[in-house]
J.: 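Below: one structure in structure tokens.
The figures here come from the full heavy-atom set of this structure, side chains too, leaving out hydrogens, waters and symmetry mates. Below, read A as the first sequence line, B as the second, and so on, with proteins coming before strands; counting in each chain starts at 1.
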Amino acid sequence: MRYWLFKTEPDSFSIDDLAHRPDGTEGWDGVRNYQARNFMRDQMSVDDLAFIYHSSCKVPGIAGLAKVSQTGLVDPTQFEPESKYYDPKATLEQPRWHMVALTFVEKFNQVLPLSMIKQQPNITKLGLVQKGSRLSIMPVAPNEFEQLLELARKP
DNA sequence: GCCAACGTTGGC
DNA sequence: GCCAACGTTGGC
């Protein structure tokens, strides 16, 4: 069992949007970064837990929790010429972009702000706190995950 | 809106 | 295979 963090811009897709999807489930399409793709394709398992992180918004931070509900999916938007995620080099035989589906688990009472995450002396490995890290999907170490979850659930 | 940092592209 | 130029990310 591994732990992850998925960034999303709440203006386009927020933790509330995930919660309101049928079955609280959404294919995480549109990722066009190889490192992030490789995490999804090669390292995720069903029931892995994932923080949903809101970026590029008023209070960037961890907004909720989801779990990986399906793995090994092909991102359909790569084949759609009208999509902004269209990839002309992808073919049905040889897709380039893979994804997983996430299912809503929990929305925190308030967002755990990035500013607070950065103040935690024990959170050092998380990509978010490392300078220049722009990964949209990143692993979270088990002990850091546990610590962040506890912080986020504080009333 | 700024801008630092990063990933990708493409000419050579 | 190098690397400059470009586009994007994302906090502030």
J.: Suppose we call two aromatic rings close when their centres sit under 6.0 Å apart. Are W97(A) and F79(A) close by that rule?
T.: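 Ring-ring flag for W97(A)/F79(A): false, centres at least 6.0 Å apart.
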J.: Are side-chain heavy atoms of L5(A) and I62(A) found at a separation under 4.5 Å?
T.: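 A side-chain contact exists here, since the closest heavy-atom pair is under 4.5 Å.
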J.: How bent is the helix from dG1(B)-dC12(C) to dC12(B)-dG1(C), measuring the angle between the end axes built from five pairs each, rounded to 10°?
T.: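 Result, rounded to 10 degrees: 10°.
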J.: Please encode protein proximity along nucleotides 2-9 of chain B as a string of B, S and -, counting only heavy-atom distances under 4.0 Å.
T.: ---BBSS-
J.: Quick check: is Y86(A) connected to L92(A) through a chain of hydrophobic side chains (ILVMFWY, heavy atoms under 4.5 Å apart)?
T.: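 No, L92(A) does not connect to Y86(A) through the hydrophobic network.
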J.: Quick one, which residues of residues 114-130 of chain A touch DNA chain C with a heavy atom under 4.0 Å?
T.: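 Listed by number, they are L114(A), K118(A).
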J.: Do any side-chain atoms of residues 38-46 of chain A form donor-acceptor pairs under 3.5 angstrom with protein atoms, and if so which ones, sequence neighbours left out?
T.:
unit_1, atom_1, unit_2, atom_2, d
N38(A), OD1, R41(A), NH2, 3.4
N38(A), ND2, Y34(A), O, 3.3

J.: If you look only at distance, which donor and acceptor atoms sit under 3.5 Å apart when one is on a side chain in residues 125-149 of chain A and the other is two or more places apart or in another chain?
T.:
unit_1, atom_1, unit_2, atom_2, d
Q130(A), NE2, T124(A), O, 3.2
Q130(A), NE2, K125(A), O, 2.9
S133(A), OG, G127(A), O, 3.4
E144(A), OE1, L126(A), N, 3.0
E144(A), OE2, T124(A), N, 3.1
E144(A), OE2, K125(A), N, 3.0

J.: Pair up each side-chain donor or acceptor in residues 106-117 of chain A with any protein partner under 3.5 Å, not counting sequence neighbours, and list the distances.
T.:
unit_1, atom_1, unit_2, atom_2, d
E106(A), OE1, R153(A), NE, 3.3
E106(A), OE1, R153(A), NH2, 2.8
E106(A), OE2, R153(A), NE, 3.0
K107(A), NZ, D16(A), OD1, 3.1
K107(A), NZ, D16(A), OD2, 3.3
Q110(A), NE2, K154(A), O, 2.9

J.: Check whether any side-chain heavy atom of W28(A) lies under 4.5 Å from a side-chain heavy atom of F6(A), and answer yes or no.
T.: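 The answer is yes, as the side chains (C-beta and beyond) meet within the 4.5 Å cut-off.
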J.: Could you tell me whether R2(A) and D48(A) make a salt bridge, using a distance below 4.0 angstrom between a side-chain N and a carboxylate O?
T.: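 Between D48(A) and R2(A) there is no salt bridge, as every charged N stays at least 4.0 Å from the carboxylate O atoms.
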J.: Side-chain contact test, heavy atoms from C-beta onward, threshold under 4.5 Å: evaluate it for N122(A) versus Q120(A) and give yes or no.
T.: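 In short, these two side chains do not touch, never coming nearer than 4.5 Å.
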J.: Indicate yes or no: at least one non-hydrogen side-chain atom of R32(A) is less than 4.5 angstrom from one of Q78(A).
T.: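 Yes, close enough: below the 4.5 Å cut-off.
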